[in-house]
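One structure is given here, and the rest of the page talks about it.
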Amino acid sequence: VEGTRKESRGALIVLEGLDRSGKSSQCSRLVSYLEGQGISAELWRFPDRTTNVGQMISAYLSNTSQLDDHTIHLLFSANRWEKRSLMETKLKTGTTLIVDRYSYSGVAFSASKGLDIEWCKAPEIGLLAPDLVAYLDISPQKAAERGGYGDERYEKLDFQKKVAESYKTLHDVSWKVVDACQPIEDVEKQLQEIALDCVIECQKGKPLSPLLWS
Ligand code: T5A
Ligand code: NA
């Protein structure tokens, strides 16, 4: 609507971590908190299973379809590309995005199958780089104890161990590691602090980060 353009941009904040690290719980809590602070915020997630590409991914994850490792990798990436322009518009018009998984999941999971890491990064080049990546740190063993894994493809302890190793190679200056084994409210409090700092910096005019992966 004309006249409602906000002067400052939103922050791109990503939560990453192993399956069961608590990302989804914390993403919704964080959005509620930011909204309570008068900040315009939206919850996004990848894979976005609502699109045509997302439905192919969903079928693969639930083991109802089989795909070559490279093919599913490119679909996960395509699923981010189909949201890229909307993502940029939201950020530029002042909405902060709290994103449940992003390109780091894409690379960490596919590299754990043995795909070359540079090959895995290539289709992510040119996507928006987050202002903050909060990594919810938990050991694969502890994560597995949380309610147990379901039937989704990657929910196996041995595979999650490889994913944890792959994630370690992806840390950069935008990452903050949060101990995900703390009580849920303590994790929440820590995320509130680092996310609010990040939002305020962006409001003050911090430019968008260089695109992935630079
Ligand atoms: N993938 C994804 C790729 O291979 N490539 C890609 O590009 C992308 C984007 C997607 C799968 O696809 C892979 C990664 C995944 O394997 P998903 O839909 O994102 O999967 O599902 P998961 O991430 O596996 O979601 P989960 O629901 O398993 O884990 P969350 O969201 O990390 O955890 P959450 O919040 O649901 O919590 C899990 C349980 O732990 C409890 C919660 O109550 C819940 O029961 N819990 C805690 N318990 C104790 N202490 C705490 N601090 C707790 N926090 C949460
Ligand atoms: Na989740």
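Just so you know, ligand 1 is whichever comes first in the structure, and atom 1 is the first atom listed for that ligand.
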Please check [atom] for a protein heavy-atom neighbour under 4.0 Å.
{"atom": "atom 19 (O) of ligand 1", "value": "yes"}
{"atom": "atom 44 (C) of ligand 1", "value": "no"}
{"atom": "atom 31 (O) of ligand 1", "value": "yes"}

Check ligand 1 against [X] and write out every atom of the ligand that is under 4.0 Å from a heavy-atom position of the residue.
{"X": "Ser21", "result": "32 (O)"}
{"X": "Phe46", "result": "9 (C)"}
{"X": "Ser24", "result": "30 (P), 31 (O), 35 (O)"}
{"X": "Ser25", "result": "34 (P), 35 (O), 37 (O), 55 (C)"}
{"X": "Ala180", "result": "52 (N)"}
{"X": "Ile184", "result": "52 (N), 53 (C), 54 (N), 55 (C)"}

Exercise. Give the minimum heavy-atom separation between Glu82 and Gly54, together with the two atoms involved.
Key: OE2-N, 4.4 Å
Practice problem: Verify whether one side chain among Gln192 and Gln37 offers a donor that lies under 3.5 Å from an acceptor in the other. | Solution: no
If you measure from [atom1] on [X] to [atom2] on [Y], what distance do you get to the nearest 0.5 Å?
{"X": "Cys120", "Y": "Lys113", "atom1": "SG", "atom2": "NZ", "value": "9.0 Å"}
{"X": "Lys23", "Y": "Glu16", "atom1": "NZ", "atom2": "CD", "value": "8.0 Å"}
{"X": "Leu97", "Y": "Met87", "atom1": "CG", "atom2": "CE", "value": "6.0 Å"}
{"X": "Ile117", "Y": "Thr169", "atom1": "CD1", "atom2": "OG1", "value": "3.5 Å"}

Quiz item: Would you say Arg49 touches ligand 1, if touching means a heavy atom closer than 4.0 Å?
Solution: yes
Quiz item: Taking atom 12 (O) of ligand 1 as the point of reference, which of Asp19, Leu61, Asn79 owns the nearest heavy atom?
Solution: Leu61
Self-check item: Option set Lys23, Arg45, Arg80, criterion heavy-atom distance to atom 7 (O) of ligand 1, minimum
Solution: Arg80
Self-check item: Short N-O contact, Lys83 and Glu42, less than 4.0 angstrom
Solution: no
Exercise. Answer yes when Lys161 and Glu165 have at least one side-chain N-carboxylate O distance shorter than 4.0 Å, and no when they do not.
Key: no
Would you please classify the geometry between the [Y] ring and the [X] ring as parallel, tilted or perpendicular, with 30° and 60° separating the classes?
{"X": "Trp175", "Y": "Tyr167", "result": "perpendicular"}
{"X": "Trp119", "Y": "His70", "result": "perpendicular"}
{"X": "Trp213", "Y": "Tyr104", "result": "perpendicular"}

Is any N or O atom of [X], backbone or side chain, closer than 3.5 Å to an N or O atom of ligand 1?
{"X": "Gly106", "result": "yes"}
{"X": "Phe76", "result": "no"}
{"X": "Tyr102", "result": "no"}

Identity and separation of the nearest protein heavy atom to [atom]:
{"atom": "atom 26 (P) of ligand 1", "value": "Arg20 NH1, 3.5 Å"}
{"atom": "atom 41 (C) of ligand 1", "value": "Arg146 CD, 4.1 Å"}
{"atom": "atom 52 (N) of ligand 1", "value": "Gln182 O, 2.9 Å"}
{"atom": "atom 22 (P) of ligand 1", "value": "Arg101 NH2, 3.7 Å"}

Quiz item: For atom NZ of Lys162, is the number of surrounding heavy atoms from other residues, nucleotides or ligands below 6.0 Å larger than 12?
Solution: no
